[in-house]
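Heads up, the thing below is written out as structure tokens.
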Amino acid sequence: MSERAFYVTTPIYYISGNPHLGHAYTSIAADVLARYHRTQGDAFFLTGTDEHGGKVAAAAAAAGLHPAAWTDTLVPKWQALLARYDVQYDDFIRTTEPRHVEACVEVFERLKASGDVYLGTYEGWYCTNDETFWLESKLLDGRCPNPECRRQVQWLSEDDWFFALSKYRDRLLAYYRDHPRWVRPERAYNEMMATLEGGLDDLCISRLGLEWGVPLPGGGVMYVWLDALLNYITALDYTRGGVRFERYWPANVQLIGKEIARFHTIIWPAVLWALGLPAPELVFAHGWMTFEGEKMSKSLGNVVDPFAAAQRFGADTLRYFLLREAPFGSDFSFSEEKMRVRRNGDLGNDLGNLVKRSLAMLVRYRDGVVPASSEQSFGARFDGLGARVATALDALDFRAALETIWELVAALNRTIDERKPWELFKRGDGETLDAALYDLCEGLRWLAHLLTPFMPGTATMIWQQLGLGGTARGPWRDELVWGRLASGTRTNPSDAPLFPRMDAVVSATA
RNA sequence: GGCUCGGUAGCUCAGCGGUAGAGCGGGGGACUCAUAAGCCCUAGGCCGUAGGUUCGAAUCCUACCCGAGUCACCA
């Protein structure tokens, strides 16, 4: 059952400052999906940066730079972040690239031609900072109601372009009812359904007073959110009849933070339909990351620096921790102590130590060469394991996927204590010893395959210590067959532990 | 205020109509291949509160309490 090409996206990151761990979180999740699907067939993973808008222009001005020059200095930080966490994307789109800007203009023209974009008049209070129109009733003392803004608003009356969003309300409602799992988790689905039932207004999609954005006919720029959403198809060369688009759209999974669900699950499908395109199959809104229970924010000074964290713990430990610790749709409380516990427990004691003890016994008793086994019964119990991990991944239940993999880790640790290779060796029961050692090595080979999407670096180290060339690859249904590891394979174990124990940070003030 | 989601063992959570579960922590034990790691045994929690439905509810319904989120152009 070869699957159709798989397409996964992250939001494009709004480059208003430096990346934090939350950005890495979304990207890692997308990377795990992409890496998994790449092992099974064809996959395309898109990420990028959202570079337009008044805030970016203002930040650039403050730095004395043209917005384009300003964003040029910031984008490498995001790319460095992704590299630091071994996030392997297929394309990185910047909304300032000509391929995107030109495609946005083309989309605008098409929508105008079809009548879904029309010229109207917008009157109302406008906050320049937030680039937002506010209803009079929302204002607080005549100021912007956004608590982080509170600036003076101004009365604006301008001819603007509108998108006929309200026209798609009934279709959206029907779509939601027919596809109860297209927005997840369920909480997000419910909230969006409630929004739809409350009714929709047409969307103002132009900003006449701004210059930093996709230029529109007659002046002004495209509303940044429309500009941003379109990246998911402009990167596939949609307007240029690209093969990428044919192959990958609609997206299988679009990952978003829960705060931008409305844009992705109401406006976005309506825009796609207006273009005659199908909506994505699944939009998944993951939770917020908090620091020891409190929202991460610059003002609280508790933003976790993703570079420092990776430096201290390593990319794979972070990747494992972020996906294992909390359900993907829930908020997630980060703390170094929790991470240390996972690192030393699950990774060091269970996995790392398993690799080391298994290969050490192989060296001690069989000169490091994988023996032939006359006995295949041990592996039978893992027949459905790969399929269970795959099922969990399809549901974006990363945690369940990892728990399932750890069933194998635990079973291997257990079988060592049960079969006691050291006793078999002393007793001279070579055949039974060979069977035990083979099973351990074969289990490690399975782990390399299963861990590849989650911890690519670790998976490769296990693979290579087994003496196998390159990296673990190939569809699980073919590779996860007990007994595929060739006897006679000369292993190449390392003395260095995969996950050295980490001690708690001692308070400097103690 | 409306709506949504949670409130289960010390901690993090699973279970979601049929005699309460996992991991971690804690306690005990046997071993030695290994990163003082691994393995085995153990923990007796009014399943937020009060009602209701049912032969039977953590699991369905109602009210309430507590926490979080969200409420139209705000990553």
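Not measured: the values here are computed from a predicted model. Protein chains get the first letters and strands the later ones, always in sequence-line order, with residue 1 at the start of each.
- The distance from atom CZ of A:Arg340 to atom P of B:rA37 is 11 Å, rounded to the nearest whole Å.
- Distance noted for atom P between B:rG45 and B:rC5: 31 Å (whole Å).
- Of the candidates B:rC31, B:rC73, B:rA75, the closest approach to any side-chain atom of A:Trp422 belongs to B:rC31.
- Side chain of A:Arg501, nearest nucleotide from B:rA75, B:rA72, B:rA37: B:rA37.
- B:rC65 sits 15 Å from B:rA50 when the P atoms are compared, rounded to a whole Å.
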**Study point:** Audit row: A:Lys258, A:Glu191, salt bridge (Lys or Arg N to Asp or Glu O under 4.0 Å) steps and yes/no
**Key:** CA-CA 11 Å; A:Lys258 63 184 180 182; A:Glu191 303 240 330; over 6 Å; no

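- Base pairing of B:rA50 is made with B:rU62, judged by Watson-Crick or G-U wobble geometry with both donor-acceptor distances under 3.5 Å.
- At least one donor-acceptor pair under 3.5 Å links the side chain of A:Tyr85 to the backbone N or O of A:Pro306.
- Taking the nucleotide of RNA chain B with the nearest heavy atom to each of A:Pro497 and A:Glu423, the more 5' of the two is matched to A:Glu423.
- Atom CZ in A:Arg342 sits about 11 Å away from atom C1' in B:rC11, given to the nearest Å.
- Put simply, the side chain of A:Thr73 gets close to the backbone of A:Trp70: a donor and an acceptor are under 3.5 Å apart.
- Picking from B:rA75, B:rC73, B:rC13 the nucleotide with the shortest atom distance to the side chain of A:Tyr223 gives B:rC73.
- Using a 4.0 Å cut-off between charged nitrogen and carboxylate oxygen, A:Glu403 and A:Arg324 count as a salt-bridge pair.
- Closest to the side chain of A:Glu191, out of B:rC24, B:rU70, B:rC39, is B:rU70.
- Note: CG (A:Leu347) to P (B:rC24) measures 13 Å, nearest angstrom.
- The side chain of A:Asn349 lies closest to B:rA37, out of B:rU12, B:rC33, B:rA37.
- Across the C1' atoms, B:rU54 and B:rA30 are found 49 Å apart, a figure rounded to whole Å.
- Checked against B:rG38, B:rC73, B:rC40, the side chain of A:Leu203 finds its nearest nucleotide in B:rC73.
- If you take atom C1' in B:rU19 and the same atom in B:rC61, they sit 24 Å apart, rounded to whole Å.
- Remark: side-chain polar atoms of A:Asn344 are paired, donor with acceptor, to backbone N or O of A:Met502 under 3.5 angstrom.
- Distance noted for atom C1' between B:rG51 and B:rC41: 42 Å (whole Å).
- Listed pair A:Asn190 / B:rC5 meets the phosphate criterion, a side-chain N or O lying under 4.0 Å from OP1 or OP2.
- Pairing for B:rG10 goes to B:rC24, judged as Watson-Crick or G-U wobble with the two contacts each under 3.5 Å.
- Regarding contacts with the backbone of B:rC13, every side-chain N or O of A:Arg399 stays at 4.0 angstrom or more from both OP1 and OP2.
- Under the 4.0 Å criterion applied to side-chain N and carboxylate O atoms, A:Arg312 and A:Asp305 are not assigned as salt-bridge partners.
- In this structure, A:Asp50 atom CG and B:rA75 atom P are separated by 10 Å, rounded to whole Å.
- With A:Tyr223 contributing its side chain and A:Phe162 its backbone, the two residues share no donor-acceptor pair below 3.5 Å.
- In this structure, CZ of A:Phe263 is placed 9 Å from C1' of B:rA75, rounded to the nearest angstrom.
- In this structure, A:Glu325 atom CD and B:rC11 atom P are separated by 15 Å, rounded to whole Å.
- Atom name P, nucleotides B:rC64 and B:rC11: the rounded distance is 28 Å, in whole Å.
- Look at B:rG56: it lacks any Watson-Crick or wobble partner with both distances under 3.5 angstrom.
- When each of A:Glu418 and A:Leu498 is assigned the nucleotide of RNA chain B with its nearest heavy atom, A:Leu498 is the one assigned upstream, toward the 5' end.
- When heavy atoms are screened at a 4.0 angstrom cut-off, A:Gly352 is found touching base atoms of the nucleic acid.
- A salt bridge links A:Asp72 to A:Arg94: at least one charged side-chain nitrogen sits closer than 4.0 Å to a carboxylate oxygen.
- The OH-P distance, from A:Tyr320 to B:rG23, rounds to 13 Å in whole Å.
- Between the P atom of B:rA72 and the CG atom of A:Leu200 lies a distance of 13 Å, rounded to the nearest Å.
- Here B:rG67 sits opposite B:rC5 as a Watson-Crick or G-U wobble pair (both hydrogen-bonding atom distances under 3.5 Å).
- Taking the C1' atoms as reference points, B:rA36 lies 36 Å from B:rG15, given to the whole Å.
- Nucleotide B:rG44 has no partner under the Watson-Crick or G-U criteria, as no pair reaches both atom distances under 3.5 Å.
- Side-chain proximity of A:Asn413 to the nucleotides B:rC73, B:rC39, B:rU4 is greatest for B:rC39.
- Residue A:Gly348 is in base contact, counting any heavy-atom pair closer than 4.0 Å across all strands shown.
- Comparing atom distances between the A:Tyr14 side chain and each of B:rA75, B:rU4, B:rA72 picks out B:rA75 as nearest.
- Using a 4.0 Å heavy-atom criterion, one finds that A:Tyr365 contacts the sugar-phosphate atoms exclusively.
- Salt bridge absent: A:Glu423 and A:Lys426 never bring a charged side-chain N and a carboxylate O closer than 4.0 Å.
- The gap from the P atom of B:rG48 to that of B:rC40 amounts to 31 Å, rounded to the nearest Å.
- The side chain of A:Arg357 lies closest to B:rA34, out of B:rC39, B:rA34, B:rC13.
- With B:rA34, B:rA14, B:rC39 as the choices, the nucleotide that has an atom nearest any side-chain atom of A:Asp417 turns out to be B:rC39.
- Heavy atoms of A:Trp225 sit under 4.0 angstrom from primed sugar atoms or phosphate atoms, though from no base atom.
- If you check B:rG17 for Watson-Crick or wobble pairing at under 3.5 angstrom, you find it has no partner at all.
- When heavy atoms are screened at a 4.0 angstrom cut-off, A:Asn353 is found touching base atoms of the nucleic acid.
- Counting non-hydrogen atoms under 4.0 angstrom, A:Asn344 reaches nothing in the nucleic acid.
- OP1 and OP2 of B:rA75 both lie 4.0 Å or more from every side-chain N or O belonging to A:Lys258.
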